[in-house]
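These notes are about the structure you will find just below.
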Protein chains: 2
Amino acid sequence: MNIGSAARATDLPAKTIRYYEEIGLVCPARAENGYRDYSGSDVHRLKFVQRARSLGFSIEECRLLLSLYDDEQRASADVKALALEKIGQIDRKLVELQSLRATLTRLADTCQGNDRPDCPIINDLARA
Amino acid sequence: MNIGSAARATDLPAKTIRYYEEIGLVCPARAENGYRDYSGSDVHRLKFVQRARSLGFSIEECRLLLSLYDDEQRASADVKALALEKIGQIDRKLVELQSLRATLTRLADTCQGNDRPDCPIINDLARA
DNA sequence: ATTAATCCTTCCAGCCGCAGGAAGGTCAAG
DNA sequence: CTTGACCTTCCTGCGGCTGGAAGGATTAAT
């Protein structure tokens with residue numbers, strides 16, 4: 001299967017798939033003409049990566065997840081630990097964003113938002 | 001004021017301050033020896049940018065905020081619109097992260113997390 | 001058989017917002 | 001006079017791609 005078909009099958013851009021090969025994440029065979037030749041297993045792994053990425057895992061985490069996937073002997077605890085760590089990262093990000101949101105909302109609420117120049121938001125930025 | 005002092009005064013790395021000059025955000029005068037020479041106003045603008053950045057505004061948004069800050073005639077509505085748009089961005093990101101969190105939590109909850117290989121998380125990634 | 005369209009290849013550059021480091025000039029203290 | 005702190009410019013790299021150029025391969029239609 002050429003890269004274009006693999007792209008359609010995985011819903012990933014061909015550029016991304018080439019990049020995944022470049023970094024050694026999913027490496028297809030090559031046809032005689034030099035074209036990349038993706039097997040069913042390759043496509044499967046690409047989909048695996050695509051789903052892991054969409055869940056917020058980094059490329060390196062995807063690499064680890066793939067190796068855990070390949071390792072029939074791994075403990076489910078290892079995978080769960082990775083998921084829990086990712087949840088922790090998300091939680092920290094959520095707290096940060098909620099705090100930002102609160103600050104911005106407070107500032108925006110005190111701003112009249114009319115055509116006059118007086119603006120508490122700018123004032124706050126200029127003199128905190 | 002040399003860049004080191006400006007860095008201490010603004011709590012920004014000197015590297016960052018040089019970068020801000022490179023992109024035309026805060027451009028200091030130069031002393032005879034070629035050293036950057038930050039005025040009180042420059043330091044003030046650096047602090048302004050630092051606070052705007054910490055609130056989640058991009059560099060380009062900071063540039064806009066600075067120009068709004070400089071413009072004594074601007075309407076507070078212009079500033080407020082920018083803040084509200086940023087809040088909207090944060091909200092979209094929050095929704096996304098909360099959805100990711102829910103999915104990951106659901107997966108982690110169904111995983112025993114023991115030393116056995118059977119793992120619903122990996123299974124989900126491998127066959128969604 | 002020729003052409004045109006589509007696919008594929010490699011390579012190079014750019015995005016954001018810096019950070020790290022090399023090579024060298026400048027300045028203040030002892 | 002030396003040491004060390006500070007400053008300068010320039011180049012590279014991070015993550016995770018994306019866009020584009022230049023050129024070879026394949027396929028479909030004429």
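By convention in this document, chain letters (A, B, ...) are assigned in the order of the sequence lines, proteins followed by strands, and residues within each chain are numbered from 1.
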Study note, to complete from the structure: Heavy-atom closest pair (Ala83(A) atom, Phe57(A) atom, distance to 0.1 Å) is CA-CZ, 4.3 Å

Revision key, fill the gap. Tightest non-hydrogen contact, residues Ile90(A) and Leu97(B), listed as CG2-O, 3.7 Å

Rounded distance in Å - [atom1] ([X]) to [atom2] ([N]):
X: Leu12(B); N: dG17(C); atom1: CG; atom2: C1'; result: 12 Å
X: Glu21(B); N: dC18(C); atom1: CD; atom2: C1'; result: 15 Å
X: Glu22(B); N: dC11(D); atom1: CD; atom2: P; result: 12 Å
X: Ile3(B); N: dT26(C); atom1: CD1; atom2: P; result: 17 Å
X: Leu25(B); N: dC16(C); atom1: CG; atom2: P; result: 13 Å
X: Arg8(A); N: dT6(C); atom1: CZ; atom2: P; result: 13 Å
X: Asp37(B); N: dT8(D); atom1: CG; atom2: P; result: 10 Å

Review point. So what does Ile23(A) hit on the nucleic acid, given a heavy-atom distance under 4.0 Å: a base, only sugar-phosphate, or nothing?
Key: nothing

Exercise for review: Give Arg53(B) one of three labels, base, sugar-phosphate or nothing, depending on what nucleic acid heavy atoms sit under 4.0 Å from its own.
Suggested key: sugar-phosphate

Exercise for review: Tell me which of Arg30(B) and Asn33(A) sits closer to the 5' end of DNA chain D, going by the nucleotide each one is nearest to.
Suggested key: Arg30(B)

Review point. Does Arg36(B) make a side-chain N or O approach to OP1 or OP2 of dT9(D) shorter than 4.0 Å?
Key: yes

Practice item. Ignoring backbone atoms, establish whether Arg18(B) has a side-chain N or O less than 4.0 Å from OP1 or OP2 of dT9(D). Key: no

Using the side-chain heavy atoms of [X], tell me which of these nucleotides is nearest: [options].
X: Tyr19(B); options: dT9(C), dG17(C), dT8(D); result: dG17(C)
X: Lys15(A); options: dT9(C), dG20(D), dC10(D); result: dG20(D)
X: Tyr35(A); options: dC10(D), dC8(C), dT10(C); result: dC8(C)
X: Asn2(A); options: dG20(D), dC8(C), dT26(D); result: dC8(C)
X: Thr16(B); options: dT26(D), dA19(C), dT8(D); result: dA19(C)
X: Tyr20(A); options: dC17(D), dT26(C), dT9(D); result: dC17(D)

Point to revise | With Asp71(A) via salt bridge (Lys or Arg N to Asp or Glu O under 4.0 Å) - residues at least two apart | key: none

Check your understanding: Short question: side chain of Arg74(B), backbone of Leu68(B) - any donor-acceptor pair under 3.5 Å?
Key -> yes

Point to revise | Polar contact flag, side-chain donor to acceptor under 3.5 angstrom, Lys47(B)-Gln50(B) | key: no

Review point. Without hydrogens or angle criteria, can the side chains of Asn2(A) and Ser5(A) be said to hold a donor-acceptor pair below 3.5 Å?
Key: no

Check your understanding: Does the pair Leu125(A) and Leu55(B) meet the rule for a side chain to side chain contact (heavy atoms under 4.5 Å, CB included), with working shown?
Key -> CA-CA 10 Å; Leu125(A) 288 173; Leu55(B) 285 178; 3.9 Å; yes

Revision key, fill the gap. In numerical order, the residues of residues 54-62 of chain A whose heavy atoms come under 4.0 Å of DNA chain D are Ser58(A), Ile59(A)

Check your understanding: Does Glu21(A) come within less than 4.0 Å of Arg30(A), counting only side-chain N to carboxylate O?
Key -> yes

